[in-house]
Every structure is written in structure tokens, then in C-alpha cells.
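Predicted, not measured: the structure shown is a model, and the values here were computed from it.
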There are 2 protein chains.
Amino acid sequence: MAAERKVSSTNYRNQSFLVNKCSLNELLDLVSKRWVSEVLFCIEEGNNRFKSIKEELQFISDTVLADRLKLLEKYDLVNKVTFNVMPVRVEYSLTENGKTLCGLLETLCNFSDSLPAMNN
Amino acid sequence: MAAERKVSSTNYRNQSFLVNKCSLNELLDLVSKRWVSEVLFCIEEGNNRFKSIKEELQFISDTVLADRLKLLEKYDLVNKVTFNVMPVRVEYSLTENGKTLCGLLETLCNFSDSLPAMNN
DNA sequence: TCAATAACTAATTAATTACTTAGTAATGGC
DNA sequence: GCCATTACTAAGTAATTAATTAGTTATTGA
């Protein structure tokens with residue numbers, strides 16, 4: 001299991017300060033975690049199984065993918081449906097919030113594409 | 001000085017993979033660094049001096065603020081003008097790109113405010 | 001001459017995040 | 001009975017990011 005955050009650190013205090021100041025900081029913290037935006041786009045494109053997302057994203061590990069899906073579910077951006085068959089079948093899809101976020105991220109993406117200083 | 005990134009790590013390889021796949025990942029990496037979005041908003045609101053940004057953001061350290069301003073300048077989001085007086089006078093302002101980004105971040109912020117799972 | 005000032009940089013340490021390896025459940029097919 | 005399968009979890013290590021401490025420049029005011 002992941003180590004607990006150390007709540008007495010200034011690192012933690014600063015992050016809390018920022019999140020309290022503006023929820024954008026919490027959202028940015030989430031979507032900028034490695035692979036998160038790509039997992040979202042992957043599901044948007046119809047990859048609704050753990051395995052197909054994993055194949056699509058080539059280098060992502062089981063551990064990280066599981067963690068990111070759980071986070072996205074927690075924030076109500078992704079829905080998870082488990083079927084009681086063997087081997088287990090689980091399907092992921094975007095919630096309404098997830099779809100909205102994808103749209104916003106696409107706008108951001110167009111902006112970053114237009115920035116000469118990005119990606120060179 | 002900051003330690004060099006270890007280019008032989010899978011950590012590095014994965015980040016490169018993501019940045020190559022989509023420049024959004026590079027932008028997210030930048031704006032999600034701690035304090036970056038707040039520094040941007042701070043300048044947008046007219047705090048154009050190192051010191052006034054620092055006071056506004058209460059817990060930010062000199063080191064981090066200097067680093068963030070340098071990054072924002074590098075990506076052409078912030079302009080820096082130095083006056084040759086003593087003590088040194090430096091003024092920061094948003095570039096056109098910086099203003100556009102602020103607008104996009106505000107939209108994202110409204111979204112995160114609307115998400116029940118954020119901030120509680 | 002000594003402290004204060006603005007806007008930093010360098011080096012070190014602390015904290016966090018990402019990755020690796022190994023292992024789980026329950027069932028079908030060989 | 002043994003292996004394969006899907007979708008995971010747990011524990012440990014590597015890598016990265018953030019914070020801390022100390023110091024810099026050049027000048028003014030006390």
C-alpha cells in the first residue's frame with residue numbers, strides 16, 4: 001500500500017492551502033497525475049476494459065492503471081460496472097462529468113498545440 | 001541547483017511517451033506544478049512584483065517563486081522587465097498566451113467548483 | 001559601517017509520486 | 001490437477017518534486 005501522507009509537513013500544509021483557496025488546484029492535481037488524461041481519452045474512445053486501456057497505453061503498469069481508474073471513479077468522472085462472470089468482466093465508461101472534463105481538456109490541448117514553446 | 005533528470009529511467013521514458021503523444025501532457029505538467037496557477041492569477045490581478053506575489057501567496061518560498069516565474073517566462077506565458085535601479089526593480093505581466101491560459105483555467109475552475117466530489 | 005532592501009541562486013534534505021515485483025480470486029479448458 | 005484468464009492489491013524501491021538554509025548583488029539610509 002502507498003505510504004500515508006505526512007500531514008505535519010509544510011508540503012502538506014501548502015497543498016491544503018491551495019486546495020482551500022481554489023478547487024482548481026485539486027482538479028489539476030488529479031488530471032496531471034501521470035496517465036490520467038490519457039486514460040480518460042482512452043475510455044472516451046470506447047476502450048472500456050481494463051485490458052484494452054492497458055494495451056492502448058502501452059507502458060502503463062497494472063498498478064498505476066488500477067490506481068488511476070479508482071481515482072477517476074472516486075471523483076465521479078468514470079463509471080465502473082462489474083459483471084459476475086468468470087474470468088471477471090469489468091466495464092468502464094465516462095460519466096456526464098467525465099465527458100464535460102474531456103471536452104475542457106481538449107480545448108486545453110488545442111491551446112498547448114498552438115504554443116510554440118510547448119514540445120520542442 | 002536541481003538534480004538532473006535521469007533520462008534512462010522508465011519514469012522519464014513514460015513522461016516522454018506522454019508528451020510525444022499529446023502536448024496537453026506537457027501543459028498539464030507545467031500548470032499543475034505547485035503554485036503555478038496561483039502565480040498566474042496573481043499576476044493577472046495586477047501583482048506585478050516578485051515581492052507582492054510572494055506576499056499574496058503567503059506560504060510560497062523565494063526559491064519556488066523564482067523557479068515558477070522562470071518556467072512561466074520560458075513558456076512565454078509571462079513577461080519580465082528588469083529596471084536598472086537599486087534595489088533592483090523587476091516587473092512581471094501576462095503575455096497574450098498567458099491571458100488565454102488564464103481564461104481556460106478559469107473555465108476549468110468553474111467546472112471543478114461544480115463537481116460535488118471536489119473539495120469535501 | 002552596518003543593517004536593510006529586492007530579487008534572486010546553489011546546495012541539501014524532506015516528502016511525495018511512479019514503478020517493479022510478486023501474488024490474489026474464481027472458473028474453464030486441456 | 002494444472003495452466004490460463006481478467007482485474008486487481010500489497011509491499012518495497014527508484015525517481016522526482018518541494019522545501020529549507022544560506023548566500024549573492026549593489027545601493028541607500030541611520
Side-chain angles (χ1 to χ4, degrees), chain A residues 1-18 25 28-36 38-39 47-55 57-73 78 80-92, chain B residues 1-18 25 28-36 38-39 47-55 57-73 78 80-92:
Chain A
M1 222 197 271
E4 299 269 306
R5 278 203 89 167
K6 190 168 177 186
V7 299
S8 65
S9 64
T10 45
N11 191 323
Y12 180 84
R13 188 250 288 145
N14 287 353
Q15 180 63 15
S16 307
F17 171 79
L18 289 170
N25 288 301
L28 285 176
D29 208 44
L30 171 65
V31 297
S32 69
K33 278 188 200 300
R34 194 161 294 171
W35 305 104
V36 165
E38 297 299 331
V39 169
N47 296 292
N48 58 355
R49 307 290 303 278
F50 189 94
K51 197 166 190 281
S52 71
I53 298 169
K54 193 165 144 54
E55 279 163 7
L57 296 180
Q58 204 176 330
F59 296 119
I60 198 173
S61 69
D62 281 21
T63 322
V64 172
L65 180 51
D67 176 75
R68 300 301 123 104
L69 286 168
K70 196 180 279 188
L71 266 174
L72 289 169
E73 216 196 327
V78 158
K80 173 179 173 176
V81 181
T82 306
F83 298 87
N84 263 332
V85 293
M86 214 31 74
V88 186
R89 177 182 180 84
V90 175
E91 282 185 9
Y92 295 98
Chain B
M1 226 200 268
E4 299 270 306
R5 278 203 90 168
K6 192 169 177 188
V7 298
S8 65
S9 64
T10 44
N11 191 323
Y12 180 83
R13 187 250 288 147
N14 288 352
Q15 179 63 14
S16 307
F17 170 80
L18 290 170
N25 288 301
L28 285 177
D29 208 47
L30 170 65
V31 298
S32 69
K33 276 188 202 301
R34 192 162 295 169
W35 305 104
V36 165
E38 296 300 331
V39 168
N47 295 292
N48 58 355
R49 307 290 303 275
F50 190 94
K51 195 164 191 286
S52 71
I53 298 170
K54 192 163 143 56
E55 279 163 8
L57 296 180
Q58 205 176 329
F59 296 119
I60 198 172
S61 68
D62 280 21
T63 322
V64 171
L65 179 53
D67 176 75
R68 301 299 125 104
L69 286 169
K70 197 182 278 188
L71 266 174
L72 289 169
E73 215 197 329
V78 158
K80 174 179 173 177
V81 179
T82 307
F83 298 87
N84 264 331
V85 294
M86 213 33 73
V88 186
R89 177 182 179 83
V90 175
E91 281 183 11
Y92 295 97

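As rounded to whole Å, 17 Å separates atom P of dA14(C) from atom CZ of R5(A). Taking atom CG on D29(A) and atom C1' on dA15(C), their separation rounds to 14 Å, with Å as the unit. One can place NZ of K6(A) at 14 Å from C1' of dT20(D), the figure rounded to the nearest angstrom. Rounded to whole Å, atom P of dA18(C) lies 11 Å from atom CH2 of W35(A). Straight-line distance from the CG atom of D62(B) to the C1' atom of dA19(D): 12 Å, rounded to whole Å. Distance, R89(A) CZ to dT27(C) P: 18 Å, rounded to whole Å. R34(B) has its CZ atom 17 Å from the P atom of dA14(C), to the nearest Å. Distance N47(B) CG to dA7(C) C1': 16 Å, rounded to the nearest Å.
Nearest to the side chain of K33(A), among dA18(C), dC8(C), dC8(D), sits dA18(C).
Using a 4.5 Å heavy-atom threshold, the side chains of V39(B) and I60(B) count as touching. Side-chain contact between N11(A) and K6(A): absent, with no pair of heavy atoms (C-beta onward) separated by less than 4.5 Å.
Residue contacts for R68(B): at a heavy-atom cut-off of 4.0 Å it reaches the sugar-phosphate backbone alone, with no base atom in range. Here T10(B) lies in heavy-atom contact (under 4.0 Å) with sugar-phosphate atoms only. In this structure, T63(B) reaches the bases: a heavy-atom distance under 4.0 Å links it to at least one base atom across the strands shown. Looking at heavy-atom distances under 4.0 Å, N14(B) makes contact with sugar-phosphate atoms alone, never a base. Using a 4.0 Å heavy-atom criterion, one finds that S9(B) contacts the sugar-phosphate atoms exclusively.
Nearest-nucleotide positions on DNA chain D for V7(B) and V88(B) put V7(B) closer to the 5' end. Residue order along DNA chain C, read from the 5' end via each residue's closest nucleotide, puts K70(B) first among K70(B) and D67(A).
The nearest pair of heavy atoms linking R68(B) to R34(B) is NH1-O, 2.7 Å.
In summary, the side chains of E38(B) and N25(A) do present a donor paired with an acceptor at a separation below 3.5 Å, with no hydrogens or angles considered.
Taking only distance into account, the side chain of N11(B) never meets the base of dC19(C) through a donor-acceptor pair shorter than 3.5 Å.
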